[in-house]
2 protein chains.
Amino acid sequence: MADVNVSALPVSPKTGGKSDDSQGNEGIPAVELIELLFFAYRDFVGDADEHLAQLGFGRAHHRVVHFVSRHPGMRVADLLAVLKITKQSLGRVLRELVDHGYVLQRAGDSDRRERLLYVTAKGEELSRQLVSLQTRRFARAFNECGPGARLEARKFLASMIDPESREEVERLIAGADTKK
Amino acid sequence: MADVNVSALPVSPKTGGKSDDSQGNEGIPAVELIELLFFAYRDFVGDADEHLAQLGFGRAHHRVVHFVSRHPGMRVADLLAVLKITKQSLGRVLRELVDHGYVLQRAGDSDRRERLLYVTAKGEELSRQLVSLQTRRFARAFNECGPGARLEARKFLASMIDPESREEVERLIAGADTKK
DNA sequence: CGTTTACGTCAGCCATATTGACTTATTTTC
DNA sequence: GAAAATAAGTCAATATGGCTGACGTAAACG
């Protein structure tokens, strides 16, 4: 049933020439990269999606557990800033994670209005498993690509990020505290 | 600061020892790549999101217009296979695009049950604009990365795709220009 | 013929996001 | 010390984009 006849797709009549400015693109049209990134990302998140679905969680839970695990003690406001979602959206997801014992919250020391976020051992284990799945995909990819590919990919991915947010992201992935 | 002593506080993956950076990963932990891919993809789709929002469309519309533009005359079943969604999900999005004059459907020549999909001039223009936005992001990135990066990125992205689907994806992205 | 295929549609459900308004603590400021 | 600002949580309504199941219709197939 699933064998859809993709090869039945007809020729594109629209090309009056292969358009995509053939200077300096190494013979690789951007539209190819656009589509490859789409499919690559879809499979990349698919790894985690399967695992999460078995726990009744979704991608939103993944992102929360991941960042809290990486940055123990971050504030709710910090998390909102990283995820760029509203606190109402975060609310349900966070409550579910707390209720099921993956995340815990503690009042801040210096400012007791703050609810600092930590993963429990259970949350840390979940995060570790998800990282492991995706790490395997990267490892396989770089194994196919040959030496230097990992470094190249890192540069490429960083360059794809908005210049304005790049510094913040680099700080974040370096594991720096998201605080003050 | 964040160094509260909470007994259940998990050790940060960074401080706990960078587990995987001793063997063959070029000093780049996979967790960095995971996060970079997350942020890169978010900004990448953000380009199009803004543009689409002004038309009252979302990502679902983008994907449909994009693939139909790239593969004029594709069948609904082909599109469903590419997007891996159900026909019910596609239904609303496709109807909106047809109603607003971005996509049109024609009965197949040899098989009149088929509704072959085409973009209108309006749809083609929208697709072109969205590709252009994302092309600019790639161009900027590769400009920063130096020569060879485009080819490396292409290899990397292809390698990140599930091996089972890779052949199909390669056919798809080459599709409209090389087929038949 | 009868069956299968391609597509569409109705109805309902779920996950994730949004905005706006409001409450509760707590800290900061005047 | 009262007022204002801040951190977080919550209620309610809404949108988007997925899903399943059931059913219908037209056309092709055998």
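Basis for what follows: all heavy atoms, side chains included, without hydrogens, waters or symmetry-related copies. What you are looking at is a predicted structure, and each value in this text was computed from that prediction instead of being measured.
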Out of D/dA28, C/dT16, C/dA6, which has the shortest distance to the side chain of A/Arg63?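 Given the options D/dA28, C/dT16, C/dA6, the side chain of A/Arg63 is closest to C/dT16.
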Which nucleotide wins on minimum distance to the side chain of A/Arg112, given the candidates D/dA8, C/dT26, C/dC7?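 The listed nucleotide nearest to A/Arg112's side chain is C/dT26.
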Under 4.0 Å between a side-chain nitrogen and a carboxylate oxygen: does that hold for A/Arg128 and A/Glu124?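 A/Glu124 and A/Arg128: not salt-bridged.
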Can we say A/Arg70 and B/Glu35 salt-bridge, meaning some charged N sits less than 4.0 Å from an Asp/Glu carboxylate O?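 Looking at A/Arg70 and B/Glu35, the cut-off is met.
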Contact under 4.0 Å: [X] side-chain N or O vs [N] OP1/OP2:
X: A/Thr86; N: C/dT18; answer: yes
X: B/Ser89; N: D/dG17; answer: no
X: A/Arg75; N: D/dA8; answer: no

Counting any heavy atom closer than 4.0 Å, what does [X] reach on the DNA or RNA strands: base, sugar-phosphate only, or nothing?
X: A/Arg92; answer: base
X: A/Gly91; answer: nothing
X: A/Gln105; answer: sugar-phosphate

Presence of donor-acceptor pair under 3.5 Å, side chain of B/Gln88 and base of C/dG8: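 Side chain to base: no pair below 3.5 Å.
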Classify the side chain of A/Arg113 versus the base of D/dT6 as yes if they form a donor-acceptor pair under 3.5 Å and no if they do not.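 Answer is yes: a donor-acceptor pair is held.
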Starting from [atom2] on [N], measure out to [atom1] on [X] and report it in whole angstrom.
X: B/Arg95; N: C/dC7; atom1: CZ; atom2: C1'; value: 13 Å
X: A/Glu96; N: C/dA17; atom1: CD; atom2: C1'; value: 14 Å
X: B/Asp111; N: C/dT4; atom1: CG; atom2: P; value: 17 Å
X: B/Ile85; N: C/dA15; atom1: CD1; atom2: P; value: 19 Å
X: B/Lys87; N: D/dG24; atom1: NZ; atom2: P; value: 13 Å
X: A/Leu90; N: C/dT19; atom1: CG; atom2: P; value: 14 Å
X: B/Arg42; N: C/dT16; atom1: CZ; atom2: P; value: 17 Å
X: B/Leu97; N: D/dT16; atom1: CG; atom2: P; value: 13 Å

First of B/Arg115 and A/Lys84 reached from the 5' end of DNA chain C, by closest nucleotide: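 With B/Arg115 and A/Lys84 compared, the 5'-side residue is B/Arg115.
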Is the centre of the B/Tyr102 ring less than 6.0 Å from the centre of the B/Phe57 ring?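 Yes: the rings meet the under 6.0 Å criterion.
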Determine whether A/Val98 and A/Gln105 satisfy the following criterion, side chain to side chain contact (heavy atoms under 4.5 Å, CB included), listing intermediate values before the conclusion. CA-CA 8 Å; A/Val98 169; A/Gln105 293 170 291; 3.8 Å; yes
Should the ring pair A/Phe142 and A/Phe138 be called parallel, tilted or perpendicular, given that the plane angle runs from 0 to 90° and is split at 30 and 60?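 Parallel, since the angle between the ring planes stays under 30°.
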